[in-house]
**Student:** 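Sharing a structure below in structure tokens format, with a few things to ask.
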2 protein chains.
Amino acid sequence: MVSIKDVAREANVSTATVSRVINRQSNTSSAVTTAVHQAIAKLGYKTSSNKHSAGLIGVMVSDVSEPFFGQIIKGVENVARQNDKRLLVLSSQYSADTERQTIKQLLNHCDHAIVHTKWLTDDELIEYARQMPGLILINRYIKSIRHRCIALDNVHGGYIATRHLLNKGHRNIGYLCSEQNIDDATHRLMGYKQALMEFGLDIDEQFISLCYPSEEGGRLGTYNLLAKKLPLTAIVTYNDIMAAGALAALAENGIKCPDDISVVGFDDLIIAGYLNPKLSTVRYPAAAMAEQAARLSLKLTDQGESGQSSFISEHILIPSFVERNSTSVCTSQTPVVF
Amino acid sequence: MVSIKDVAREANVSTATVSRVINRQSNTSSAVTTAVHQAIAKLGYKTSSNKHSAGLIGVMVSDVSEPFFGQIIKGVENVARQNDKRLLVLSSQYSADTERQTIKQLLNHCDHAIVHTKWLTDDELIEYARQMPGLILINRYIKSIRHRCIALDNVHGGYIATRHLLNKGHRNIGYLCSEQNIDDATHRLMGYKQALMEFGLDIDEQFISLCYPSEEGGRLGTYNLLAKKLPLTAIVTYNDIMAAGALAALAENGIKCPDDISVVGFDDLIIAGYLNPKLSTVRYPAAAMAEQAARLSLKLTDQGESGQSSFISEHILIPSFVERNSTSVCTSQTPVVF
DNA sequence: CTGTTAGCGCTTTCAA
DNA sequence: TTGAAAGCGCTAACAG
């Protein structure tokens with residue numbers, strides 16, 4: 001167990017100085033402060049090294065009040081309960097700065113951490129992972145630390161969503177894509193394109209509408225598709241919230257779903273079952289993913305780095321399709337007009 | 001700050017023994033063990049007394065993954081962030097035993113705790129509150145520790161839900177009540193009755209249907225009301241989930257909402273805005289309530305018990321009404337038939 | 001601003 | 001099984 005003493009030796013200062021730096025109490029020269037911080041990072045020192053604050057599993061998500069993240073927290077909590085650990089929950093509020101600051105808190109106080117990050121770079125995360133053997137990235141894939149990543153196969157998700165419609169005879173399928181430049185968005189879109197190509201269809205960029213991933217964004221994106229007078233019979237969306245916007249836009253224009261246009265979502269949020277019509281969607285097994293992440297974190301720290309080779313080196317979950325009432329067989333007589 | 005030494009003196013044992021009891025390490029005689037536990041309870045000793053694990057705010061809710069509780073956690077987290085505290089989240093899984101066990105964990109590890117409990121008795125909670133000056137009960141009112149309780153005025157909530165309908169001309173208003181025997185349920189029903197009486201109407205128990213507070217429960221309760229062939233023009237429900245069930249039951253029977261029957265919910269969950277029609281409901285300001293609770297907890301421990309007299313002695317929040325599309329002016333020609 | 005030193009809370013060792 | 005006492009990790013007081 002690395003103590004404040006080791007850090008002091010590493011940084012060539014006294015233990016008192018290290019203590020001061022950690023607690024930001026008295027003034028410390030910036031040279032010494034950075035030296036201490038470097039030593040802490042190098043040795044992986046934790047304030048939680050005393051027995052009682054140990055056994056903490058940290059969770060970082062964007063917003064605790066979002067149902068999707070609620071499921072993640074619940075998954076981790078299940079494992080924590082089973083293993084007599086406690087749960088430290090922090091949210092990063094959708095900003096890179098807070099994400100960074102929050103991860104550092106977790107590094108300091110926890111033995112384990114399940115982290116959902118959208119805005120930090122691969123390099124930065126690799127460094128954090130090095131400092132904490134029990135750090136697991138959720139919904140993210142970084143090749144060099146792939147044994148520490150648990151992610152959903154978003155390409156496959158986009159693929160099965162689109163294939164479901166293709167199997168029902170749809171050939172003119174629009175896509176409401178998130179305008180955010182993150183892997184989730186590009187991967188799901190990739191799956192959409194893959195399915196079309198597999199059915200021998202060309203990809204027409206006109207059928208793809210970029211918009212903000214909110215209900216209003218989904219509504220606007222749908223308006224844009226409709227305005228182009230495309231022979232649309234179905235729409236695949238980036239997520240359920242956008243699908244809700246799409247349903248609203250269709251209803252406002254007297255277009256019936258699924259009779260005239262089918263819609264599929266992504267995530268299977270609680271609201272999916274309450275929309276009208278009930279939304280067919282791709283199920284994102286968030287709680288299961290979080291449980292797996294938590295178990296992996298415990299394993300990695302129990303057995304230490306030595307045990308790593310014995311584990312599966314990749315953890316990619318496969319989403320499944322949930323059929324409800326927003327999709328139906330394509331009955332449109334419109335000829336395919338690309 | 002009460003230390004292991006104080007506990008040892010109180011229990012007439014050595015500090016070593018107390019340490020052993022706390023950490024369940026070596027064997028300790030049951031007599032000594034219970035003596036130590038009693039001393040701990042009496043003095044309110046915390047293992048978190050060392051600086052680093054301090055500054056923890058504990059939150060207990062039934063289920064972290066429920067959106068309603070997510071809002072509560074978020075509210076507490078906001079305050080925690082502003083005050084440089086961390087958040088320990090535990091869920092009690094809807095059982096009295098887990099609630100008890102969870103609260104004890106919080107007593108041991110936190111300086112502050114925001115607790116939502118459904119199943120523990122007033123007496124038990126009063127005892128816990130005594131042991132921890134920073135314990136705040138949310139959504140609960142116990143008279144002798146009312147300065148530690150933050151609750152919603154559920155009577156008023158049921159009242160404004162019903163009054164909204166009365167103002168729109170409805171006179172035959174059903175009520176879908178939760179069959180759970182908790183204050184929330186009886187208070188909301190009380191508000192319903194109050195509003196009817198204020199409008200000079202008699203209360204007919206036939207219009208009140210007891211059912212489980214779930215979507216399926218709401219559906220069944222609505223069937224039961226319909227089966228009685230009452231001249232119903234509106235339904236007030238215990239919560240939004242039941243209202244969703246009511247809307248489904250009406251739609252299945254070809255009864256239009258709000259044209260034939262108006263429906264109001266309670267809580268204003270996320271789903272309320274996604275239902276068809278969008279649900280008019282009573283807004284439960286969960287996040288604001290949690291923020292207030294967290295701030296109160298910090299205040300109480302900062303100033304110690306001495307400062308209590310200077311605070312407001314009661315913290316009752318007033319809900320407001322959110323009108324959407326599930327309620328309309330009563331157009332029914334049916335004569336009032338009680 | 002920093003190191004020395006004393007001290008605190010807690011755990012562990014050792015002897016009974 | 002228990003207490004006395006030593007030891008550990010950290011903080012606080014003081015001196016320079």
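Here is the naming used below: chain letters follow the sequence lines, and residue numbers restart at 1 for every chain.
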**Student:** Give the rounded distance in Å between these two atoms: CZ of A:R9 and P of D:dC10.
**Tutor:** 13 Å
**Student:** Of all residues at least two apart in sequence or in a different chain, which pass the side chain to side chain contact (heavy atoms under 4.5 Å, CB included) check with B:T34?
**Tutor:** none
**Student:** What pairs with A:D123 under side chain to side chain contact (heavy atoms under 4.5 Å, CB included), at least two apart in sequence or on another chain?
**Tutor:** A:T121, A:I126
**Student:** Not counting sequence neighbours, which residues clear salt bridge (charged side-chain N to carboxylate O under 4.0 Å, His left out) with B:E10? List them please.
**Tutor:** B:K42
**Student:** Which pairs with one or both residues in residues 61-93 of chain A pass ring-ring contact (aromatic ring centres under 6.0 Å, His included), sequence neighbours excluded?
**Tutor:** A:F68-A:Y284, A:F69-A:H116
**Student:** So, using ring-ring contact (aromatic ring centres under 6.0 Å, His included) as the criterion, who are the partners of A:H187 when residues are at least two apart?
**Tutor:** none
**Student:** Decide side-chain hydrogen bond (donor to acceptor under 3.5 Å, both in side chains) for B:Q93 and B:S62; before the verdict, give the C-alpha distance in whole Å, the side-chain angles of both, and the deciding distance to 0.1 Å.
**Tutor:** CA-CA 5 Å; B:Q93 318 272 45; B:S62 302; over 6 Å; no
**Student:** If you restrict it to nitrogen or oxygen atoms, what contacts under 3.5 Å exist between nucleotides 3-5 of chain C and the protein, and what is each distance?
**Tutor:**
| from | atom 1 | to | atom 2 | distance (Å) |
| --- | --- | --- | --- | --- |
| C:dG3 | OP2 | A:S14 | N | 3.3 |
| C:dG3 | OP2 | A:S14 | OG | 3.3 |
| C:dG3 | OP2 | A:T17 | OG1 | 2.5 |
| C:dG3 | N7 | A:R20 | NH2 | 2.7 |
| C:dG3 | O6 | A:R20 | NH1 | 3.2 |

**Student:** Output yes when at least one side-chain N/O atom of B:Y45 is less than 4.0 Å from OP1 or OP2 of C:dG9, else no.
**Tutor:** no
**Student:** Could you tell me which residues satisfy ring-ring contact (aromatic ring centres under 6.0 Å, His included) with B:Y141, sequence neighbours excluded, listed by chain and number?
**Tutor:** none
**Student:** I need the NZ-C1' distance between B:K5 and C:dT11, as an integer number of Å.
**Tutor:** 15 Å
**Student:** Test of understanding: with side chain to side chain contact (heavy atoms under 4.5 Å, CB included), list the residues that count as partners of A:D97, not counting sequence neighbours.
**Tutor:** A:S95, A:R100
**Student:** In whole angstroms, how far is the P atom of D:dG9 from the CG atom of A:L43?
**Tutor:** 14 Å
**Student:** Measure CD1/A:I4 against P/D:dC10 and give the value in whole Å, please.
**Tutor:** 5 Å
**Student:** Near DNA chain C, under 4.0 Å by heavy atom, which residues of residues 29-38 of chain A?
**Tutor:** A:S29, A:V32
